[in-house]
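Note that the structure is a prediction, hence the values are computed from the model and not measured. Letters A, B, ... mirror the listed sequences (proteins, then strands); counts begin at 1.
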Amino acid sequence: MDLLNGLVVLANFVLIPATAYGSQLALGALGVTLIYSILRFSNFAHGDTMAFGTMVTILATWGLQSAGIGFGPLPTALLALPVGIFGAALLLLATDRLVYRFYRAQRVKPVILVIVSTGVMFIYNGLTRFIIGPDDQNFADGERFVMSARDFKALTGLDEGLALKTTQAITVVTAIVVMVALFWFLNRTRTGKSMRAYSDNEDLALLSGINPERVVRVTWILVAALATIAGTLYGLDKSFKAFTYFQLLLPIFASAIVGGIGSPIGAIAGGFIIAYSEVIFTYAWKRVVGYMVPEGMEPDGLLQLLGTDYKFAVSFVILVIVLLIRPTGLFQGKSI
Amino acid sequence: MAARGADPGLLHDRAAQDGPGGDSPLIRIENLHRHFGGFRAVDGADFEIADGTITGLVGPNGAGKSTLFNVIAGALPPTSGKVFMDGEDITGLPPHELFHKGLLRTFQIAHEFSSMSCRENLMMVPGQQAGESLWNAWFGRGRIAQEEAALLKKADEVLDFLTISHLKDEKAGNLSGGQKKLLELGRTMMVDAKVVFLDEVGAGVNRTLLGTIAETILRLNRERGYTFCVIEHDMDFIGRICDPVIVMAEGRKLAQGTLDEIKANEAVIEAYLGTGLKNKELQA
Amino acid sequence: MTGDVAQAAGAAPYLIGEAMRGGYGRGADILHGCTIAVERGEIAVIVGPNGAGKSTAMKAVFGMLDLREGSVRLDGEDITALSPQARVRKGMGFVPQTNNIFASMSVEENLEMGAFIRDDDFHGTMEQVYDLFPILRDKRRQAAGELSGGQRQQVAVGRALMTKPKVLMLDEPTAGVSPIVMDELFDRIIEVARTGLPVLMVEQNARQALEIADKGYVLVQGANAHTGTGAELLADTAVRRSFLGG
Amino acid sequence: MRTLALFALVAALILGTGFVQSWNSALIILNMGLVSAIMALGVNLQWGLAGLFNVGVMGFVAVGGLAVVLTSVAPVPEAWAAGGWRVVAALALGAAAIALSVLAWKRLGRGLRAIAVLIIAGLGFVAYRALLDPAVAAIEAVNPAISGNIGGLGLPVLLAWPVGGLLAAGVAWVIGKTALGLRSDYLAIATLGIAEIIVAVMKNEDWLARGVKNMIGLPRPVPYEVDLQGDPAFVERAASFGFDATTASTLYVKIGYSLMFTAVLVALLVLAQLALNSPWGRMMRAIRDNEEAAEAMGKDVTARHLQVFILGSMLCGIAGAMMTTLDGQLTPSSYQPLRYTFLIWVMVIVGGSGNNLGAVLGGFLVWFLWVQVEPMGQWFMGVVTAGMADGSWLKDHLLGSVQHMRLLTMGVIMLVVLRFAPRGLLPER
Amino acid sequence: EDAGIGIILGFTGPIESLTPSMAGSAELALKEINDSGNFLEGVTLVPVRADSTCVDSAAATAAAERLVTTDGVVAIMGADCSGVTGAVLSNVAVPNGVPMISPSATSPGLSEAEDNGLFFRTSPSDARQGEVLAEILNERGISSVAVTYTNNDYGKGFADSFEAAFTEAGGEITLTASHEDGKGDYSAEIGALASAGGEVLVVLGYSDQGGKGIIQSALDTGAFDTFAMGDGMYSDALIADLGNDLEGSFGSVPWAEGEGAEAFSTLANEAGVTAESSYTRESYDAAALIALAMMKGGEASSAAVAANVLDVANAPGEPILPGELGKALEILESGGDIDYVGATNVELVGPGEAAGTYRYYEIEGGAYETVSFK
Ligand SMILES: Nc1ncnc2c1ncn2[C@@H]1O[C@H](COP(=O)(O)OP(=O)(O)OP(=O)(O)O)[C@@H](O)[C@H]1O
Ligand SMILES: Nc1ncnc2c1ncn2[C@@H]1O[C@H](COP(=O)(O)OP(=O)(O)OP(=O)(O)O)[C@@H](O)[C@H]1O
Ligand SMILES: CC(C)C[C@H](N)C(=O)O
Ligand SMILES: [Mg+2]
Ligand SMILES: [Mg+2]
């Protein structure tokens with residue numbers, strides 16, 4: 001019984017939250033990784049792209065809600081996703097046309113594109129805030145829990161509760177599906193391969209008859225989809241606020257890179273590493289251990305390795321260590 | 001090698017002091033292995049390069065020649081085995097230390113400094129330049145100026161020799177494929193080396209110019225006592241300068257001898273030379 | 001210009017870059033009115049010193065360089081203004097001198113990319129390429145960037161063959177390949193040309209190349225210096241001495 | 001020529017600020033511009049010259065800021081009595097444990113070393129925490145609302161600038177030793193992470209410099225305005241130039257800073273230019289272009305990378321110390337990567353990487369914009385909405401979000417500049 | 001003739017969602033003054049906004065400098081976050097002799113800042129609220145708590161003083177964990193806090209920032225179900241978002257007994273400004289005090305504000321509530337004395353900061369119910 005309680009505590013406070021958070025980071029990292037591997041730069045506007053796509057989704061959700069359309073126990077926002085993706089895709093394609101295309105033609109160094117994307121980030125930043133404002137927006141509806149802590153206790157008779165939110169479940173499932181789909185797309189389909197070819201050697205891609213503009217367009221549309229999905233799921237789970245999306249950029253980049261930038265599996269793995277290291281190293285193991293050890297041997301201290309003040313720092317230390325052992329990330333990413 | 005570096009005069013005579021050494025091995029390779037995952041690119045290579053020789057290294061594509069060079073020159077760590085230079089164990093030493101011991105190499109795929117001019121590409125080569133210390137860069141301008149003048153002169157000589165002096169201020173990245181290879185060779189001429197490893201200097205180089213390059217290699221060898229190890233697929237070139245020739249296949253030494261001996265070797269013909277029109281013509 | 005083979009044959013050549021003048025970006029002219037052409041079923045070889053503009057001329061024919069003067073015609077049609085991709089779709093195949101493989105993709109994927117514009121089943125062609133370069137079959141799952149120099153060269157040529165082009169342009173296809181493979185490659189090129197496919201190539205292994213060439217161009221400083229059949233050029237002692245290494 | 005024209009443009013912008021807005025505003029921009037230019041110079045040294053992608057600028061700037069506190073603030077004797085020395089001992093112990101682990105890793109054989117290192121590091125960590133935690137608690141208990149930290153050495157604040165440089169250099173050495181083997185973006189994220197760690201330490205280790213509770217009222221190398229205003233001689237002099245005492249005193253102080261900062265910038269710029277145009281600079285560019293070949297040509301790439309990484313970081317540290325001195329306070333939570341890392345990068349790239357003068361120009365120009373886009377954005381919004389009917393929903397909405405024009409304007413200007421000068425305003429050669 | 005009042009708040013950056021209401025409230029007060037027609041002969045108060053960014057001292061300093069030297073503002077309502085407030089104070093306000101009244105910089109450290117008599121704040125120093133909150137917990141007989149605070153000078157100072165007061169009174173703190181604002185995910189913090197345990201979770205953060213995230217996360221995982229909250233957490237939006245789950249939670253918020261706050265709410269709601277957000281009341285009061293001090297001094301000048309703020313803010317005199325600014329002006333005009341009460345029961349003590357009366361509230365039936373005042 002006690003062992004079970006201990007496991008439930010562990011699942012409730014470590015496994016489930018870290019897995020959900022990890023998937024959220026992973027979804028963001030997939031977008032970053034895609035741009036990096038095909039268009040060859042680190043896109044700093046990705047956080048704000050997520051915010052923009054989510055905003056469009058929210059506006060559409062409100063529309064649906066006011067029209068009385070719902071999605072049963074699932075959040076209505078899922079229905080509105082296509083609209084959000086469409087909006088984000090339009091924005092990205094327009095940006096590419098007006099901004100990135102020029103630099104591509106000039107064949108500038110990647111770092112210049114990074115800086116250009118910072119400029120784009122500033123603009124998206126303002127755009128989102130102009131339209132929906134800087135405030136918190138709550139747009140989640142439907143059933144909040146697959147299983148709430150209270151229900152779990154009542155159901156199992158255990159002392160400890162286990163909660164699983166609908167959004168957490170959706171996020172994890174989506175992350176895996178999207179990862180598999182992306183992997184399949186890039187490695188098995190003709191378009192996917194042509195995208196990789198373009199990213200590898202632009203001139204030679206041209207000589208093989210690959211239309212670079214098409215590759216770029218497809219990439220941006222995929223990125224729009226990934227960013228909007230990631231942003232919407234994140235917003236459903238927490239709440240939408242433009243500023244948070246900007247802040248997410250850092251852990252997202254960390255995830256993409258520690259997993260090996262350019263690699264979809266790496267992005268997923270990276271997301272989990274960052275999320276788990278944040279939680280595990282700052283978790284106070286007192287309660288779990290208390291359940292696990294025999295009566296009378298419960299620990300007095302908190303059994304916390306580091307204060308939560310350092311949770312971000314911990315994940316970066318892990319990141320640096322991983323990179324020192326595998327200099328191009330876990331899954332052999334590229335480097336330019 | 002104290003005065004390596006700003007040594008004026010392209011082809012001054014070092015042979016007077018050292019003399020082309022007879023048969024003492026300058027480089028010795030013992031049971032060298034380099035594996036990539038499960039693939040054995042170099043698989044127990046064993047041979048010697050005698051001091052003062054120009055050794056040719058040939059073998060089919062993928063035989064492990066470039067990998068072997070990379071291991072000897074410190075660019076790749078060996079999986080196992082040892083490399084000796086002058087009896088000293090140099091296995092795994094970083095390339096920059098090997099450079100200072102007098103071991104130079106060129107790359108099969110040209111590694112030019114693309115945003116620098118051809119002249120700068122050459123001038124940066126000599127080691128121990130006073131100007132490469134920050135202190136001198138700030139407070140020893142006078143010394144640097146002298147040193148630079150000497151370097152400049154030498155670099156221009158080399159460029160002249162390579163027939164690309166009209167490109168001295170062109171960015172190396174803008175050179176043609178063959179010109180890059182010339183520049184690559186030019187770098188080894190900027191300093192006094194003991195042993196130079198040339199990885200396919202000839203690929204992509206005009207044959208007339210290649211003849212001149214062969215001439216130079218011979219002169220450097222004779223007059224300055226350089227030892228060479230040359231990878232090349234052009235048998236004319238090999239035949240003109242190399243003795244002995246080592247044939248590698250599947251990561252190991254397949255045969256060694258003079259070019260004529262090699263050409264007569266059935267195994268070599270089958271793995272490498274073939275019996276195609278070209279070689280028939282060559283033998284004729 | 002004496003002995004222009006195309007003229008002699010009386011018909012317009014299949015592919016011709018005529019009186020091309022141009023350079024990189026806004027830089028100085030590299031090509032000074034040079035002309036290169038190839039007939040159906042013919043092998044044309046370009047030789048010349050390093051930096052003469054051979055590769056530049058090839059790129060110009062392929063549209064990777066803006067021409068300031070002159071024109072490019074394929075099968076009588078003026079394609080001077082077409083983009084490189086469009087030229088690929090018109091049936092031109094090209095192996096550049098450098099950066100001619102997708103380094104991060106496997107050998108097989110490199111070949112597949114060669115067949116990118118083809119809608120038919122290309123596995124037959126792929127088998128042919130593997131037969132030509134057996135080593136590639138062994139390494140087909142390996143990233144092309146991990147291959148040896150000569151193996152890369154084989155991948156590059158294989159990729160171009162996959163296109164099933166109507167005209168094949170090769171920039172130093174034999175640089176760095178072993179004699180046995182070089183012979184095979186030349187044999188294969190002859191074979192390909194026999195099927196009616198024109199082949200235009202730059203070579204530094206000039207003697208071997210001119211031996212199989214129907215037509216040879218010697219380019220010096222961006223202009224045609226000598227033109228003739230392969231045999232003519234080989235027989236010309238001036239050409240031999242200054243460009244073919246004696 | 002172009003260089004001259006662009007610098008003249010920046011000068012005109014700053015002077016224009018002086019005429020249109022006020023001389024105080026102009027000087028404030030100038031002063032931070034000078035500081036920014038030094039940071040940009042540091043980044044340019046690392047990236048433009050050696051190709052090191054350091055995205056941890058923030059960390060070095062922060063360390064420089066910390067140096068100001070540790071150098072110039074008066075020590076807190078109570079805190080030292082309560083646990084200062086124990087903290088020092090704990091830190092020494094921690095450093096020793098790390099050194100021992102590294103030694104063990106290098107000396108011991110393959111099988112043993114992992115275990116040995118784990119044991120040493122584990123024991124070291126426990127001992128370190130056992131010694132540190134109570135000492136820290138004791139220090140932080142000393143009057144937490146206004147101190148709770150160990151204070152500094154009480155030395156003149158100008159000394160903090162070189163100290164900031166040295167401290168940053170020390171940190172850079174540690175980082176360089178561990179992370180410089182990484183390639184481009186991997187190095188970037190590692191440095192980004194390390195910078196976050198540095199700031200996290202500064203935020204959470206209250207005993208060091210009060211953490212997020214901030215250090216305010218740091219010593220200054222210039223007189224206080226109020227003192228000047230109270231000095232009759234000064235007031236008289238000011239009046240003789242036709243200034244009122246307040247304006248004169250504020251200008252006086254700012255000009256004081258400007259002169260000091262300019263001196264530092266000019267000195268550093270001269271050194272940087274000498275280095276760039278020497279064989280050393282040529283070697284660095286060669287390394288940037290092709291490390292493998294440079295290594296084969298006898299250049300010790302690792303050592304040179306470390307050297308230039310330390311130098312560049314040192315400049316950031318010096319600039320960080322100068323900035324904290326100018327601000328008169330240390331507020332760790334204000335160290336945000338957007339402002340202290342990416343903005344500096346924007347300066348370098350907009351100015352022209354690889355060109356020291358470009359970096360300096362970028363420093364001035366981008367800083368000017370960063371400050372002035374706010375009024376520009378407001379003005380622009382005013383123009384846009386001028387035509388709309390008063391009280392219309394859209395107009396209200398737009399005016400309500402006018403503050404967001406700030407970053408948007410910044411973005412637009414950046415894109416426009418980079419459009420017309422994709423390799424920076426003053427490209428390398 | 002116009003007199004400019006600078007409004008320096010973080011319109012972009014981590015508290016960008018709070019600042020519009022804060023600025024709105026301040027401008028509301030200024031508008032009330034202007035509309036009353038009783039202000040100094042022909043002088044109109046003009047609010048001039050500038051962005052403090054909340055975190056970037058240099059940008060805030062530059063913005064403030066522009067306000068003072070270019071726009072010529074005579075007083076500053078702001079800044080918001082303690083860090084930038086300190087910077088603006090020492091780099092711009094003091095050198096130029098311009099007074100500042102901050103509505104929200106609550107760091108205890110600012111009490112000691114070198115201000116030359118120019119710095120005031122309408123929010124109390126967190127040193128005091130810590131004691132108040134500890135007292136509330138004692139009253140409820142709670143002896144073991146876990147604490148989480150927003151990792152800035154406000155949160156940390158607040159947590160320090162709370163911890164001191166609570167342990168002094170014999171309580172046990174199982175774990176103090178900070179949280180960063182603006183970082184949506186708080187699993188790690190909640191995990192640690194839940195494991196440490198405690199009867200309630202003390203949340204010293206912001207209602208639309210990390211504080212809310214923490215509570216939401218704690219509720220979702222069932223880690224805690226009762227929360228004790230500091231002033232930053234007080235907002236209607238919180239109740240609206242989290243609904244019944246907050247039932248029984250409680251907290252403290254600077255507040256006045258009496259109608260001041262309600263008067264402000266009505267006023268704000270009429271004007272379309274969100275009243276029920278953090279520091280709106282304090283912002284209104286700060287702006288009102290600036291205007292009233294000018295009136296008292298008889299001129300729209302910096303010196304007048306600096307000299308008279310304490311006078312108009314404190315007794316003796318006629319109490320003034322929000323909405324009664326016109327009346328106050330009349331009284332001052334006629335040489336009378338006022339005691340500005342405002343929305344937060346302003347009483348400036350010591351170096352010119354709010355003495356701080358606090359409302360002890362509990363959430364019942366989905367609304368804030370006052371338990372008592374402290
Ligand atoms: N990084 C690598 N990973 C995996 N395999 C590699 C790698 N580098 C080389 N190889 C393999 O090792 C073998 C030897 O390569 P190497 O470059 O040494 O050949 P080489 O003898 O120089 O051939 P060439 O004459 O074509 O240049 C090749 O089969 C190649 O595929
Ligand atoms: N990208 C480029 N930008 C500017 N100039 C270039 C560029 N590429 C080549 N050049 C210049 O153009 C000239 C001709 O180059 P090209 O590559 O056509 O020579 P090539 O005849 O192919 O020589 P090789 O036999 O060495 O390959 C050279 O002088 C070279 O410096
Ligand atoms: C508005 C709040 C973020 C201000 C906070 N009380 C501080 O002192 O920083
Ligand atoms: Mg090779
Ligand atoms: Mg060429």
Drop me the distance from C/Arg240's CZ to B/Arg207's CZ, to the nearest 0.5 angstrom. 14.0 Å

Let me see the working for C/Arg152 and B/Ile109 under side chain to side chain contact (heavy atoms under 4.5 Å, CB included), right down to the final yes or no. CA-CA 11 Å; C/Arg152 287 161 171 250; B/Ile109 295 166; 3.9 Å; yes

May I have all residue pairs that pass salt bridge (charged side-chain N to carboxylate O under 4.0 Å, His left out) and include part of residues 93-104 of chain C, sequence neighbours excluded? none

Under 4.5 Å to a heavy atom of chain C? For B/Ala271 that would be backbone

Would you call B/Leu209 and C/Asn50 a side-chain contact if the rule is heavy atoms closer than 4.5 Å? yes

Where on B/Ile164 is there a heavy atom nearer than 4.5 Å to chain C: the side chain, the backbone, both, or neither? neither

Closest non-hydrogen atom pair, C/Ser178 against B/Gly59: CB-O, 4.5 Å

Sort C/Glu146 into side chain, backbone, both or neither according to what part of it lies under 4.5 angstrom from a heavy atom of chain B. neither

C/Ser148 and B/Gly62: which non-hydrogen atoms are nearest, and at how many Å? OG-N, 3.1 Å

A side-chain contact here means heavy atoms from C-beta on lying under 4.5 Å apart; do C/Lys139 and B/Phe39 qualify? yes

Contact part of B/Leu210 toward chain C, heavy-atom cut-off under 4.5 Å: side chain, backbone, both or neither? neither

Name the region of B/Glu232, side chain, backbone, both or neither, that has any atom closer than 4.5 Å to a heavy atom of chain C. neither

Could you tell me whether a side-chain N or O of B/His233 sits under 3.5 Å from a main-chain N or O of C/Gly176, the two making a donor and an acceptor? yes

Only pairs of heavy atoms separated by less than 4.5 Å count here; which of B/Val205, B/Thr212, B/Leu167 has the most with chain C? B/Val205

Measure distances from C/Val177 to the heavy atoms of chain B and classify the residue's part below 4.5 Å as side chain, backbone, both or neither. both

Do B/Asn206 side-chain atoms and C/Gln204 backbone N/O form a donor-acceptor pair below 3.5 Å? no

I'd like to check the side-chain hydrogen bond (donor to acceptor under 3.5 Å, both in side chains) partners of C/Arg159; sequence neighbours left out, ordered by chain and number. A/Ser208

Taking atom CD as the centre, does B/Glu270 end up with more than 12 heavy-atom neighbours from other residues, nucleotides or ligands that are less than 6.0 angstrom away? no

